[in-house]
Enquirer: 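Handing you a structure now.
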Amino acid sequence: MDYVPHSNEDREAMLRAIGVASTDELFQDIPADVRHPHLDLPPGMSEPEVIRHLQALGQQNRNVLEMPSFLGAGCYNHFIPSIVNALILRGEFLTSYTPYQPELSQGTLQAMYEFQSMVCLLTGMDVANASMYDEATATAEAVLTACSITKRSKVVVPDTFHPTTLEVLETYAEGRELTLVRVPAFTIDDKGAFHDQWGAVSAAIDDDTACVAVQVPNFFGWVHECQDIAETVHAHGAMFVVSADPVALGILTPPGEYGADIVTGEGHSLALPPGLGGPRLGLYATRKKYLRQMPGRVSGMTEDIEGKRGFVLTLQAREQHIRREKATSNICTNEALAALAFTINVSWLGPEGMRKKAELCLAKSHYAAAQIDGLPGFAVSAPGPYIKEFMVHCPTQVRHVNEHLLEHGVLGGYDLGSVRAELDRHMLICVTELNTRQDIDRLVATLREFGA
């Protein structure tokens, strides 16, 4: 818990220094009826009592350390080596915000520069920024950038995108008076099987389109073929935005190699544990010709007058230092600590480690799917290739299946019915390198018992 060091004497000294007699006088501009509202709070506690109370509340949560977890849907449980915490918890780095007077913080700036370089290598792009808040806002900023560059307002997005990202895109689009076209990219038959309708995305592109944004792998876990989409997008003078999972990029072709103009992503799974969903880490990379339209901060490498290498925040005119109407974005910060954790982990893994992590996810998820498919009442539905997530059609509503799994010490998959009512019998199961064969066999045995 935070410790507040100010004594009554300290507070009185500060009030005298600013010429105010009391705290009430300091806040006198606030209406009296809202200055001291009645709060329905329990009696006060001592510090030890508060700590015990909060610990008891926290223990009510079920976590990925106490039982096998097959929950993903955008928040993934990947291995974070001990070296990450050993370095990010050092006093030189332990801040969630980029320091002001950044040129005095060469270590922070160099870490940002290395992060940008790694994002470029993963995505196949020319330049990257020092991170953004999360994948959803990074993708929304990419869409705004594409609309600014093309001077168009139509945005095409398949409905296989993460639903949270779609909600953020809708919010951004409304504020900028953009037209967001959500394309139905799949159908479901009577047996609950998914059927890919990817061609509908290309059919929605025309000469008014500013950009097309896709997710690889998509929210439902499968990987679309994007080369034809990229060619169609560019033939109409539009831009291609790809939101990619950095873990999957360990084995997938980098989006820059099949025509992406901007690549975004969610990097938290290579930086921090799930943590009830946050904090997050947005990735954003683009082609060099769009560098000056890229939002956020950029660390650049330079030389001082003595020829020594140094790092600076460069091209700052893109953010808070210019007139609001001239800026590409109001984003003027970055997730510095999470980006550092990402950088340490990816450098520790290296290219072969990144590939091995993705290959483990691929092998284990396909093993799990093979065991689940054909269980009484269960069927795997995979319209395309997948790496770590796949859908399972259940014999009843997913919430009942998950209740049974939880009773047997297993955190089940994501209930897709929570985002689309017609999918209330579809579970999205995620398998990462942390799921052992014993974990998977336990999941399968528990599902078999439920369906029997």
Enquirer: To the nearest 0.5 Å, what is the distance between CD on Q227 and OG1 on T232?
Expert: 10.0 Å
Enquirer: Do you know the tightest heavy-atom contact between T160 and N218?
Expert: O-CB, 3.3 Å
Enquirer: Is K356 paired with E352 through a side-chain N to carboxylate O contact shorter than 4.0 Å?
Expert: no
Enquirer: Do any pairs count as a salt bridge (charged side-chain N to carboxylate O under 4.0 Å, His left out) and have a residue in residues 270-279, sequence neighbours left out, and if so which ones?
Expert: none
Enquirer: Which distance, rounded to the nearest 0.5 Å, do you find between the CD1 of I251 and the CD1 of I387?
Expert: 4.0 Å
Enquirer: Could you verify whether a donor N or O on one side chain and an acceptor N or O on the other, from E135 and T139, lie under 3.5 Å apart?
Expert: yes
Enquirer: Are side-chain N/O atoms of Y133 and R280 paired as donor and acceptor at under 3.5 Å?
Expert: no
Enquirer: Quick one: OG1 on T164 to CZ on F219, what's the gap to the nearest 0.5 Å?
Expert: 7.5 Å
Enquirer: How long is the gap from CG on D228 to CH2 on W198, to the nearest 0.5 Å?
Expert: 11.0 Å
Enquirer: Could you label the plane-to-plane angle of the F194 and F186 rings as parallel, tilted or perpendicular, counting under 30° as parallel and over 60° as perpendicular?
Expert: parallel
Enquirer: Closer than 3.5 angstrom, by distance alone: can the side chain of R448 be matched with the main-chain N or O of P376 as a donor-acceptor pair?
Expert: no
Enquirer: Taking atom types as modelled, find out whether Q438 and D441 have a side-chain donor-acceptor pair closer than 3.5 angstrom.
Expert: no
Enquirer: Below 30° counts as parallel, above 60° as perpendicular, anything between as tilted: where do the rings of W222 and F220 land?
Expert: parallel
Enquirer: Side chains of M294 and Y284, heavy atoms from C-beta outward: is any pair under 4.5 Å?
Expert: yes
Enquirer: How many angstroms lie between atom CZ of R292 and atom CD1 of I149, to the nearest 0.5 angstrom?
Expert: 13.0 Å
Enquirer: From E433 CD over to K357 NZ, what is the distance, rounded to the nearest 0.5 angstrom?
Expert: 3.5 Å
Enquirer: Please list, chain by chain and in numerical order, all residues satisfying ring-ring contact (aromatic ring centres under 6.0 Å, His included) with H268, sequence neighbours excluded.
Expert: none
Enquirer: When you check the gap from the basic side-chain N to the acidic O, do D245 and K388 get nearer than 4.0 Å?
Expert: yes
Enquirer: Quick check: are there more than 12 heavy atoms from other residues, nucleotides or ligands sitting under 6.0 Å from CD of E174?
Expert: no
Enquirer: Is it true that D424 and R399 have a side-chain N and a carboxylate O under 4.0 angstrom from each other?
Expert: no
Enquirer: Between D373 and A379, is there a donor-acceptor pair closer than 3.5 Å when you use the side chain of the first and the backbone of the second?
Expert: no
Enquirer: Are H366 and Y386 close enough that their ring centers fall under 6.0 Å?
Expert: yes
